[in-house]
Amino acid sequence: MGTKTGTGQRIEAPSGRDAAESLCKEILNDSFFQEFWEKNPLHYRAAERGRSANRLPEALLPDEVASAVSSAAGSNLKMFKNNETSELPTPWHSYLAGYSMVINQADRHSRVLYELCKGLSAKHFHHVFAVVYLTPPDSQAVRVHTDDQDVILLQVWGSKRWTLYNAPTKLPYTEEMLGKEQAVPTELIGPAQMDFTIQPHDVLYIPRGVLHEAATGTEPSLHITITVPTSDFCWGVQMVKHLAADVRQSAYSPELRSLCQASLVEGPAGPLELDDEKLDAKLKEIMDIFASGLHARSVLDGFEHRMDRTNLGQDRQFSQLNGEDASQAVLVAEEMRVRLMHGILCCCDEGSSAAVFFRPDGRALKMKVTPAALTLIRALSDVPQRIRDLPCRDAFERLCVLEVLRDAGVLQLFLKSAESSAAEIARHRRRILREALEAITRLTSRRATTSRPAASRVAVRRHVALTLLYGSSWIHLLERTVLHLERLHFAWPLLVVSIGKDAFKACRRLQQKSSSVRVGCWRPNTPSQVHRFTIIHILLHVGVDVFYFDMDTFFLKNPLPSLLSQARRGKHETMFSGHGDGDCINIGVFYIKATFRMTEWFSRFLDWLATIASGALAVAVALAGLQRGFVSTGIQQPLRSLPTLRASSPKDSERSLATKDDAKVTKPGEVDLEQVVKDAENADDERLARELSEYDDVADSIVAAAVRDAETNNPEVEIELARAKRQQEIAQAVVIPSGPVYDVLSLVDKYGGTSEVYENHKVAAQAGYFQQLPQLRTFLFDFVDVHRQQADQSFVEFEHATGSKLVLVGTNHISRNSTEFARQTVLKERPECLVIERRLGDDSLQRLTVPERQLQEKLMAKPPAEFLSSDTEVDRARKFQTDRMWLEASPGWRDIGGEAAGCHEFGAAVEAFAQLRKEGKDGMGPRGGTLCFGDSDLRPLYKRAEDAGLPPSLNDLGLGANVALRDLQFSKALRVAMKTHSSVVGVIGDGHLAGITKLMQQDPQVRVVKKGVPLDPPSWADDMKDGGRKWEREALGGGLLFMRLVEAMDASPIGNWMDAEAVLELQAMKEETLARIEEDGLEAEPVAPVSSSLGEDFTARGLLVTPKSEEELRRWLSGQRLGGQEAGDFPFENRRLRKAPPKLPNTGFPYTKEEAERAQEENVYHEHQYEIDQRGLDVMLGSPLQTPEGELGVAFPPENLPKVQVGVMEDENEVVIGFIGWYGHVSRMLVFHWCNSPLKDKWEEINAVYDAAEAIEGWMPLSLAMSVVSTRHFEVMPREPSEPWSVAATGKSPPLGGPVWRAIATARQVIEAYRLPKPLVRLPCN
C-alpha cells in the first residue's frame, strides 16, 4: 500500500505495527498511566504537539475502510441515524443517506487495525479490539452515554465535535453503563467538562464511566476506537471468574460443586430445598475453601490464560476473514479506473436532485443524488478515468457513489491502473504474436523432400485445423478428439487455442504424445472466446488456411476431402456451415482460405465489430428506444434520420493497439502488408514468419485488430462484475428466521408451501441447475399436499367372521401427522395384538428402546440450510433439496435403525401399546397382549459365516416383485392375528395398504367395513397381467432379493411374535435411555444392547417366537413353550454404534454450487453480445444465402468490405446442428454439432459417440457401423465405464449384441434422437 507526496512520488504507507509503536512512544508512556489512566480524559492535539502519535491517516486509506465495511457487512456492521437502524440494501446506500457506520471488532476485517491492536496488546493491555466509526456530515451515531471500557480514539479523516461530561459512576461494571438502551436522565448529565473538535491525527482518551457524545458538522468523520475491556479486566470480575473455575477442583466436595452449579429457579429440587441457615453454612464453606487457596498469582495466571484464548480467537477470526481461502468481493478502489458502460447516457443538470441513466435497451434508471454525488456523476464519461481523480468532497463518499452506480449496472470497472495496463498490454502483445507464430510455424513448416530447380517448385499451401478449448470443462474430450482425428486419417495439424491454465496444461500433455495428428497449443493473454478470431487473423496474415470446429462437434467421417473439393469446384475463399432452420450461417464449423482479399476482409470485419459494439451507434440506438447494435436485436432499418454523433470510443491503453489503417500498414523500407500476404501464400518454410515477427509495426498491425477487443470487450468483464456483485450481496446478507424441519410437512412449510417450492425449482430447472422437476411435482402435489389433507384418513377397517376387528393404518414414514395418527389409533382401539412393519435381523428391536421424538428434536434442531436476505429462487431451491436430503437421510442416534426422521410411527404405536399394558385393565388378550413383527424376517437372507461377499442391499426390499412378497407376508400375519385375537391394529407404510387390502379380501371370512380414503390398485397389479412371468424371470435371475425373500417366508410364514412382558421391558429401556440422554446429552450410551442380544434373551425366555403355523402360535398364546426356537444371527444390525454420518444422496442438482456457478458462467458465452451473431456474419460475407440485409435485422453493416467468394455447407444431412434437427440418413453425415444443447446433455452424448468410435476401432469405420446397426435390435443401455473386452485388443469381430454393438447402437440412438420426420423448414434468420 502506498500514497503520493505533493511531488507525485509514491511513498510507503505505515503499517498497523508502525502506528502502534508511534502511539506507545508519544502518548502511552509512564506519565500517561500516572496522570490520566482510569482518572481523567486526554485530548492530544496534533496541531500543537505534532502528527506522529497517530499515524492512521496515512495507514488507513479509503480502500481499506471500504474493504472492512464489505467484510463486516451482515455480522459486525451496524448502521444508525437518530438511534434508528438502516433498512437500505447496502452499506453504500446507507452512508449516502446519512447513516453512521459502526464496525465492531474491526480488527478482524482490516490488517492495519489488526496489527495495531496486536501491537498495543503486546505492549500494555493484554487484549484490545478496534471499532470503526464512520459518520457522514451533520450526523450523530449514538446519543450521550457511558462505556464500561477505556477507549482511545484515533481521528483518521474529517472532524467531529466531542462533549465530555462527568462520570456518574466511577469505573462502572457492564451492568452500570448508561445511555445504551434508554436516554440518560438529565439530572445525571450535568454541565460539560470538555467541549472541543478533533481533527486528523488527533488522539482522545476517555476513561470508562465518563459521559460523552459526538456529532459531525459540515464534513464527514472517520475515527477508530481502540477499546480496552477494563470492566472485564478488573480484580472484582476476575476473582468471580477465578471462583467459577476453582469450584471445579477436587478441594470441593461433589455436594458443594453441585450447589454452585444449581440454578436459583424455583423448583422442588436444588438449593432452595435447604433452609437459610443450612444454605448460609454451605456458602460459607465454599468461600472458606476459596479464600484458603486464594493468591494474587493464581488470579493473574487465570486471567492471562483467558487472555491467551481470547487473543487466539482474535487471530483465528482474522485469518478466516483475510486468508487465501477467504472470499473477497471485488470493490471499487481509488487506483482503479471507471467509465460509463457502453451505450449508457446520463442526464443530470447542475443543481438537480436526481440523475437519470438511459440503458441500451431503452429503460431509464432514476436515482436521487446529493450535490456532492452529482458533481462526481457529471464528471463520468465513456472514457476511463482514475477514481481518485474524480471530484468529490469525501473520498469514501466517492467510493460509495461508484459502488451504488456499479450495482445499478451503469459503470464498467477496470481492475488495473492505466499505467500498469499499458505496460502489461505491451508485454502481452509481444508474447501473443511470438507464441502464436511459434505454434503456427511448428505445425505448418514443410521442406521439399527432393532437390529441384526453384523455377519448377510448386507453391505448397499451409493449413491448420483449429479449435478452442475453454477452461477445464472440456479437457477430458481433447485427447479423445485427437485420437478420433487420427482414426479418420485427418491430415491437417491441429492448433488448440487453450483458454486458461488447465486447458493449456492438458494441451501440452497431449502435444508430447506421439500421434499422426500434430498438435500445437497457444494460450492467449485473456480468457475470452474472441481469441478464436485473434488467432485466425494471425493465421491468415501469415498465409495459413484454417478449418475451424467447435469442441462440441463430432466427425462421423473426415470432412476435409468433401469440403475442400466443394471449395475448389465453387472457387470459394471461405465456407461456413448453414444454420439449418434459418437463412443464415453458423460459426461452429467453417473454412477460410488465406488469400489477400479474405485477409483484408477479416481485418476490416474485426475493426467494424469493435466499433458497433462500443461506439456512438449503440448510443444512438439506445436513445431511439431500441435495442443496441446488430447482435440479437431485430432492428430492421438503419436509423438514417438521427443526427450524426461523434463516436467517443475509449482511448485508453486497452485500445492503444489500434492503428490508423488496419488493412494497409507499411514499415520503413516500403514493406507493405499486401506484399507480405502474397509472399506468405507461397511460403514453404519458416523464413517469412520469422521475419514478420521482427517487424514491430507490421506485427502491431496484425495483432491489433484481433486483440484489442479481446482486451476490453469480452464477457469476462461482465462475469467478474456479476460475481463481485453477488459476493457482495451474500456478504451483506442477513439471516432470516425460519421454522424447524422435523418431517416433510414442516419442510415444505419452511419454504413457503408447495406452490412456492415448485416455482423456485422451476426457475432452477430453467437455468439448467435442477434435473428432477417432474419428480418434484409428484412429490409436492401428489404426496405432500395429499398427505396433509388425508393423514388421519389413511386406514382400512376389517371384520372377521369370528367377530374380531382389524384397523390397518397406512403411514407416511416421514410425517409427524402419521406418527400421531398411529399412536391415537392404538390408544383408541385398545388392541389385544399390534402388528407393525418391522422385522427381525436388523436394528428393529433396539430401535424400539430409542426415544425417537425427543432425540429428533435434539439431533435435528437446526437444519443445515438457513435463509439469507440475498437468496435467489435458485438458492432457495438448492437449500430445499439440501434440507430434504438431510431430513430423509440423516442417521439416527448412534446410527441405530436408519434415519433420524423416518419410521417413528412404529415406536409410537408400541409405546402406546405398552402404556395400555401398564394400565393393566381387563381385555389385554392372550399373554397380556402380543406384538407381531409382520415384515419379512431378515435373518435367513444372509448368513455371515456361510455367504461370501457383501450382504444384499435392503434398499431392494421396495423394488419389483419384492413388494408383492412382503404384502403377502403382512396379509398372512394379519389374518392369523384376527383369528387368534379379538382386536388387532396394524401399522404399515401406506404403499402397502392397497396390496394388503386386496390380499385380505381374498379370504371369504374377511370383509372390509370401512375405508378412510379410496385406494388405488396395488403397485404390483400390472405385473399380474402376464401371469407372473416377470416375477419368474426375477426369480430365475436371482436379482432383487426375490428368492431370498421366498426362503425367508418359508422360515417365518406368519411373522415373529412377542408377548407383553418383553414389550414392557423394551419400554422400560426406552424410558431409562431418555433419562440418560437428558443427563449426559447425545454422547450417552444406550441402555439396550444390540438387537441380536435382545433377541437371544427374549427367545431363551420364551417371550419371542417364530411359529411355523397357526397351530404353533395358538399353543404359544396358551402359555406353552415352543421347541426349536433360536435367535440366530442378525446380519443387518448396527454393531458399532457409528457416530460419523454417511454421505447424503444426490439432491437432484447435477453440480455442486461451485460447479453450477462455473457452468452458468460458461453458458454466458452462448448468449453474450460479443459472440458473433449468425445474421450479421451472413451480411458481412456478402449474404451467401441471398437474404436481403433488411430482413436480417442488421442495422449498421460495415462499409467497404471486400467481396469474397463464400460457400455454405449442406446443413440438412451433412454438417448438421443437433438442436435444430436433421433429415436424411446417417450414412451421409459428416459433422454433428451439438451447439446450444444443455451442457450436461451435451457432455453425456458426446462421450457416448466417442465410446462407440473407440469400441469399433480397427474393425470398420464408425460411419459404416452406425449405418448398418439398427437400434431396434439392441437394448440401449446408459453409458458406463469402458468394459474390459476390446475389438482393437483381440482383433476379433465384435459379437452381435455384445458390448461393442451396444455402444454403436447407443451412438446411433443419440444421433437419431435429433432426426426430423420431414425436411427442415427454413425461416428468416432472426
Side-chain angles (χ1 to χ4, degrees), residues 74 325 327 723 726-727 729-731 733-781 783-785 787 812-816 855-893 895 898-904 955 1082 1138-1160 1240:
D325 297 332
S327 175
R723 182 191 292 115
R726 182 64 181 150
Q727 289 176 344
E729 289 174 353
I730 294 172
V734 296
V735 177
I736 299 175
S738 57
V741 173
Y742 293 127
D743 62 2
V744 288
L745 300 184
S746 56
L747 168 69
V748 172
D749 289 342
K750 172 183 175 180
Y751 286 85
T754 50
S755 295
E756 184 167 342
V757 170
Y758 182 75
E759 290 303 317
N760 288 341
H761 283 77
K762 189 175 179 181
V763 173
Q766 291 169 348
Y769 292 140
F770 188 64
Q771 307 295 317
Q772 300 175 6
L773 196 61
Q775 298 92 318
L776 179 76
R777 182 181 180 87
T778 300
F779 168 74
L780 291 174
F781 300 114
F783 179 71
V784 175
D785 276 355
H787 176 72
N812 169 348
H813 289 319
I814 191 166
S815 162
R816 285 192 164 190
L855 273 169
Q856 186 192 33
E857 292 177 355
K858 290 180 179 291
L859 286 167
M860 309 185 77
K862 182 174 173 50
E866 61 180 13
F867 290 171
L868 299 177
S869 57
S870 62
D871 285 347
T872 64
E873 289 90 343
V874 176
D875 291 330
R876 288 294 170 90
R878 191 186 310 281
K879 289 180 178 183
F880 176 87
Q881 291 298 335
T882 300
D883 275 350
R884 181 183 173 188
M885 291 303 104
W886 170 78
L887 174 70
E888 296 179 355
S890 292
W893 180 58
D895 211 13
E899 297 77 24
C903 301
H904 290 188
N955 292 331
L1082 297 176
R1138 292 184 296 271
K1139 296 181 180 180
K1143 184 178 179 181
L1144 295 181
N1146 181 16
T1147 64
F1149 282 77
Y1151 319 110
T1152 64
K1153 185 174 183 179
E1154 292 74 19
E1155 291 168 338
E1157 289 173 351
R1158 185 169 66 248
Q1160 184 182 31
K1240 186 172 182 292

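Here the structure is a predicted model, which is why all the values come from computation and not from measurement.
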Self-check item: Heavy-atom pair of closest approach, residues Arg876 and Tyr751
Solution: O-CE2, 3.6 Å

Quiz item: Checking side-chain contact (heavy atoms from CB on, under 4.5 Å) for the pair Arg884/Val757: CA distance, chi angles, key distance, verdict?
Solution: CA-CA 12 Å; Arg884 181 183 173 188; Val757 170; over 6 Å; no

Self-check item: Heavy-atom check, side chain of Glu756 versus side chain of Glu759, under 4.5 Å
Solution: no

Quiz prompt | Considering all heavy atoms, the nearest Asp871-Asp875 contact | solution = CA-OD2, 3.5 Å

Quiz item: Should Val784 and Phe779 be marked as a side-chain contact (heavy atoms from CB on, under 4.5 Å) after you check the CA-CA gap, both sets of side-chain angles, and the distance that decides it?
Solution: CA-CA 6 Å; Val784 175; Phe779 168 74; 3.7 Å; yes

Practice problem: Under the side-chain contact (heavy atoms from CB on, under 4.5 Å) rule, what do His787 and Leu745 come out as? Steps first, then yes or no, please. | Solution: CA-CA 9 Å; His787 176 72; Leu745 300 184; 4.2 Å; yes

Quiz item: What are the two closest heavy atoms between Gln881 and Leu776, and how far apart are they?
Solution: NE2-CD1, 3.7 Å

Quiz prompt | Gln856 side-chain N/O to Tyr742 backbone N/O, donor-acceptor pair under 3.5 Å | solution = yes

Exercise. Give a yes or no on whether the backbone of Glu866 and the side-chain of Lys879 come within a donor-acceptor separation of less than 3.5 Å.
Key: yes

Practice problem: Give the minimum heavy-atom separation between Leu1082 and Leu855, together with the two atoms involved. | Solution: CD2-CD2, 3.7 Å

Practice problem: List the steps, then state whether side-chain contact (heavy atoms from CB on, under 4.5 Å) holds for Leu780 with Asp785. | Solution: CA-CA 6 Å; Leu780 291 174; Asp785 276 355; 6.0 Å; no

Quiz prompt | With sequence neighbours excluded, residues passing side chain to side chain donor-acceptor pair (under 3.5 Å) with Asp743 | solution = Ser746

Quiz item: Distance-only, no hydrogens or angles: does the Asp883 side chain make a donor-acceptor pair with backbone N or O of Ala865 under 3.5 Å?
Solution: yes

Quiz item: How far does OG of Ser870 sit from CD1 of Ile736, to the nearest 0.5 angstrom?
Solution: 8.5 Å

